[in-house]
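Data first, discussion second: the structure below is written as structure tokens.
Chain letters run A, B, ... following the sequence lines, proteins first, then strands; residues in each count from 1.
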Amino acid sequence: MRALIIEDDDALRVQIVQALRDQGFAIDEASDGEEGLYLGLNMPVDIAIVDLGLPGKDGLSIIQTLRKKDKSYPVLILTARDRWQDKVDGLEAGADDYLTKPFHIEELLARLRALLRRTGGWSESVMHFKRMSIDTRAQQVKVDDNLIELTAFEYRVLAYLATQAGKVISKATLLDHLYDEDTDRDPNVLEVFIRRLRQKLDADKTLNPIETMRGRGYRLSLDRISE
Amino acid sequence: MQSITSRLVVGTGVVLAVFVLLMGISISYSVHKRAETARLDRLQGLIYGILGATEISNDTSLLVNTLALPDPMLNQSTAGIYAEIVGSDGQRLWQSTSTTSWLPESTVRPIGDWLFETVEKHESNALHRLQLSTAWAFDNGEELPFIVHVVTEADTLAKQLKRFDQALWASLLVSAIVLLAVQLLVLRRSLKPLHSIGEEVAEIERGERDALDEQVPSELKSLTLGLNALLGAERERHSQYRHLLGDLAHNLKTPLSVLQNLSNSERTQKATILEQTSLMQQSIDRHTQRATIRSPRYLAPTINIKPVATRIAASLSKLYDAESITFDLSAVDPDFTVRMDEADLFEVLGNLFENACKYGARTITAVTDTDKNSFTILDDGPGFPDIDLEQLTQRGVRADSTTPGTGMGLAAADQLMGAYGGKLHPAHRAEGGAAITLAFFQ
């Protein structure tokens, strides 16, 4: 998952970036409105955290511009303004959620997970598939009720494919959403991870959770089970 | 800055002076004109009377019957009015008995011609003279031309007019002074309520009274009501701040003490810091929310409630699962207005609608009652617990302890309603769920 963080307070931005990196997010960050809008319009962002009071361009204008340019990824407003009128203004501008400062980083992470689930049409923190479930809060994966030990990167690959379940995701797109901009990306490394993921999830070759669409990319092909 | 009294006195004085001056000039001018006309009429009447008393003798000379003269003054010396008849050759044919001094020469004019003029006398006073050139027509067709002229002392009329003018201006001056005095009395009486308000404000400043007397003339009613509302709101705000800041300080001291004593314990340090900072944050949220500045109800703007409710419902549908929560605002009168700051109305409705969403309502309905000036929010959630409902609007009391929150929503909404003279009534619904009625100030 690739998150955009637009926050002008350096200390807070560093805290959020660190917390999200720990959760396996690839990060784009900006400390002013203009740069934030540029990143929001040009990077393959999955979710954005936007402060309202920003130098350069205010948060509401950024959100309105993103929506006008058909950027539909979820946006969470992070602000010290806690009046209802401000909340309504923010949500009407196109934001999907609103978190007031001060806040616990855990609450921010929970809100982000909830927004990402809602984007994928999931209403609970656990995504259920045929024989497989992914607990986004605990970052745990079970197949046939057996806990599968995954590395952080393997989990990120699987979680991203799961939120896009049924869709074919190209290697380039997958890399965009998994790696920071300044990280070396090697498609061959991705193939190795996918192979290892398949082995862990489908040791007896009966599940086939991730299909390779030759020349196009990968697809999580398990049927979703609605809660 | 100039006082209202002095402005009114100066203004009234100037208007009165201009009015008296114009009136005096106009009356004096009219009287002078009338007097001149009357004098001319009188002189003309004398000439006609003299002609009536004039006869022709057998030797064709003119005879004036003095007994038939129109004005007996013509027969009295020093009466100030003189008459004479002069022939066309300038020879005096007759003169009145009153004529004792020099009379100006008559001027030969065409027959039937009138001449009025003011002639300067040698010694002092001027004379007014009217003359008529006429002729006696005989039966044989011959005519005897002659001139009748009457003269009067000009200063007699001038003296009369002068006396009139003096009396006129004196009476106008006295009237103006009396009017000004009456005006001052009226002003003093009219401005008395304003002076009283000033004195009452001073008494309030001295702490001798709480509010202005509202038994005032209708023009000052809105002023005193507005000032009293301001005073009330100001007093309420001060009291709020005093309590809130005291509470905030008290609430922060406990977690701060805990944090200060953390140095000896390392294992539970992070969890304890989180817990205590969370408590501090809740305290700050709670008290700063309640310390928001509000407008008193008399000064608050009028705002339509339906658009605000609609916007909040749309926002909450976004935050909560839109498919599982339905807002029904169809029974909200689109013309229903309340007197409240828009931000405060957002706060009241936002807190109450969000409470309904938080506590598990599936359908949230709002209804307005124009007669009672009330707005009721009905939900089909679990309803309030079985406690005294009045307690629900107290600080920090929560109807449900399983959902995150500070228990402030209902209390904050209640306090905001109170600040605008309204009330919040929580109630159980017979069919289950909660009903909260907002009774706005009427």
Note to self: Tell me if the NZ atom of Lys306(B) is crowded by more than 12 foreign heavy atoms within 6.0 Å.
What the structure shows: yes
Next item on the list: To the nearest 0.5 angstrom, please state how far the CG atom of Leu319(B) sits from the CG atom of Leu91(A).
Entry: 5.0 Å
Next item on the list: Dump the intermediate steps for side chain to side chain contact (heavy atoms under 4.5 Å, CB included) on Asp344(B) and Arg83(A), then the final yes or no.
Entry: CA-CA 9 Å; Asp344(B) 287 337; Arg83(A) 302 276 287 172; 2.9 Å; yes
Item checked: Presence of salt bridge, Asp89(A) and Arg311(B), under 4.0 angstrom -> yes
Item checked: Qualifying residue, where the test is side chain to side chain contact (heavy atoms under 4.5 Å, CB included) with Trp84(A) and the options are Leu349(B), Val348(B), Ile312(B), Leu345(B) -> Ile312(B)
Next item on the list: Heavy-atom distances under 4.5 Å only: say whether Ala114(A) touches chain B with side chain, backbone, both or neither.
Entry: neither
Next item on the list: Please state whether the side chain, the backbone, both or neither of Ala343(B) comes within less than 4.5 Å of a heavy atom of chain A.
Entry: both
Note to self: Nearest 0.5 angstrom please: Lys87(A) NZ to Glu347(B) CD, how far?
What the structure shows: 7.5 Å
Check: Around atom CG of Asn146(A), are there more than 12 heavy atoms of other residues, nucleotides or ligands at under 6.0 Å?
Finding: yes
Check: Around atom NZ of Lys71(A), are there more than 12 heavy atoms of other residues, nucleotides or ligands at under 6.0 Å?
Finding: yes
